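Below: one structure, written as structure tokens.
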Amino acid sequence: MTNPLLHLLPDRLDQGFVTPLGKLVGGPKDDDTRKGDGGNSFETGTVTKTRPKTKRPNLYKVMLLNDDYTPMEFVVLVLQDVFNKSREDAMRIMLHVHQKGVGECGVYPYEVAETKVTRVMDTARKNQHPLQCVMEKQ
Ligand code: TYC
């Protein structure tokens with residue numbers, strides 16, 4: 001005996017069909033369109049996975065400027081405290097700035113760089129040193 005519901009079945013499964021309750025199954029208009037394969041995952045059997053977009057942050061180089069008055073030891077302590085440098089790296093960076101006029105302390109996303117510049121400038125002002133710290137887009 002012929003099934004009376006047979007006419008409800010699609011001729012081709014890859015064209016999609018509407019269930020008796022109205023849900024669209026398969027085909028290019030299924031909500032698979034979010035998966036970046038043009039809604040073809042049903043048709044082709046391709047397995048896709050959504051991947052949240054991650055954006056690389058803009059990076060900023062933070063630099064110390066030389067001056068004639070800030071004590072070397074103060075600069076070394078700032079490099080250790082604000083930039084988490086070892087005593088040896090802090091000495092090396094301080095001497096580089098002392099000899100060349102400017103030197104890099106690190107590269108950070110915008111808000112981290114800005115916070116470090118602010119911390120250096122605040123501690124320099126509180127201790128009445130003219131030490132300057134600047135940031136520059138990479
Ligand atoms: N030139 C300073 C001195 O001779 C030392 C110094 C080093 C100052 C680095 C600032 O960013 C600086 N006392």
Side-chain angles (χ1 to χ4, degrees):
M1 179 190 161
T2 312
N3 186 331
L5 297 176
L6 200 59
H7 68 283
L8 292 173
L9 289 174
D11 299 334
R12 292 162 44 109
L13 279 174
D14 65 359
Q15 290 172 341
F17 60 96
V18 180
T19 68
L21 290 178
K23 180 172 167 38
L24 181 62
V25 176
K29 286 207 170 73
D30 194 19
D31 58 8
D32 287 346
T33 46
R34 283 179 290 108
K35 290 175 182 168
D37 64 355
N40 283 333
S41 64
F42 182 86
E43 293 182 67
T44 62
T46 306
V47 176
T48 60
K49 199 172 177 207
T50 53
R51 179 163 45 90
K53 279 269 181 295
T54 53
K55 299 200 302 296
R56 288 191 306 274
N58 289 324
L59 295 177
Y60 290 78
K61 181 162 74 177
V62 178
M63 291 164 297
L64 279 179
L65 308 184
N66 189 38
D67 65 75
D68 292 338
Y69 305 102
T70 305
M72 289 184 171
E73 178 61 17
F74 183 82
V75 178
V76 172
L77 290 176
V78 163
L79 284 162
Q80 290 183 248
D81 187 38
V82 177
F83 298 97
N84 307 313
K85 302 297 184 187
S86 66
R87 181 86 189 165
E88 294 73 27
D89 280 355
M91 288 278 290
R92 184 180 49 74
I93 295 167
M94 181 280 296
L95 283 175
H96 174 96
V97 176
H98 176 70
Q99 288 159 6
K100 310 276 185 186
V102 60
E104 176 181 325
C105 309
V107 175
Y108 311 95
Y110 183 84
E111 286 189 355
V112 178
E114 194 184 39
T115 301
K116 290 187 186 296
V117 170
T118 301
R119 284 182 65 191
V120 173
M121 298 300 284
D122 282 355
T123 190
R125 187 169 350 95
K126 281 183 185 131
N127 289 279
Q128 301 186 22
H129 299 312
L131 180 63
Q132 296 290 304
C133 184
V134 297
M135 59 193 269
E136 166 185 290
K137 194 164 189 290
Q138 278 287 75

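Counting starts at 1 for both ligands and their atoms, in listed order. The shown structure was predicted, so the numbers you read here are calculated from the model rather than taken from an experiment.
- Among all protein heavy atoms, the one lying closest to atom 13 (N) of ligand 1 is Thr70 O, 2.9 Å.
- Summary of contacts: the protein heavy atom closest to atom 4 (O) of ligand 1 is His98 CE1, 3.1 Å.
- Contact check on Arg119 versus Asp122 returns no salt bridge, with no Lys/Arg side-chain nitrogen under 4.0 Å from an Asp/Glu carboxylate oxygen.
- Annotation: ring-ring contact (aromatic ring centres under 6.0 Å, His included) contacts involving residues 85-110, sequence neighbours excluded, comprise Tyr60-Tyr110.
- The line from CD of Gln80 to CD of Glu88 is 8.5 Å long, rounded to the nearest 0.5 Å.
- Remark: minimum distance from atom 9 (C) of ligand 1 to any protein heavy atom is reached at Val97 CG1, 3.6 Å.
- Nearest non-hydrogen protein atom to atom 11 (O) of ligand 1 is Leu65 O, 2.8 Å.
- For atom 2 (C) of ligand 1, the nearest non-hydrogen atom of the protein is Asp67 O, 3.2 Å.
- Looking from atom 8 (C) of ligand 1 to the surrounding protein, the closest heavy atom is Asn66 OD1, 3.4 Å.
- The environment of CE in Met91 is sparse: at most 12 heavy-atom neighbours from other residues, nucleotides or ligands sit within 6.0 Å.
- Atoms of ligand 1 found under 4.0 Å from any heavy atom of Leu131 (numbered from 1 in listed order, with element): 10 (C), 11 (O), 12 (C).
- Within a 6.0 Å sphere centred on CD of Gln99, other residues, nucleotides and ligands contribute more than 12 heavy atoms.
- Ion pair Arg87/Glu73 flagged as a salt bridge, since at least one NZ, NE, NH1 or NH2 atom sits closer than 4.0 Å to an Asp/Glu carboxylate oxygen.
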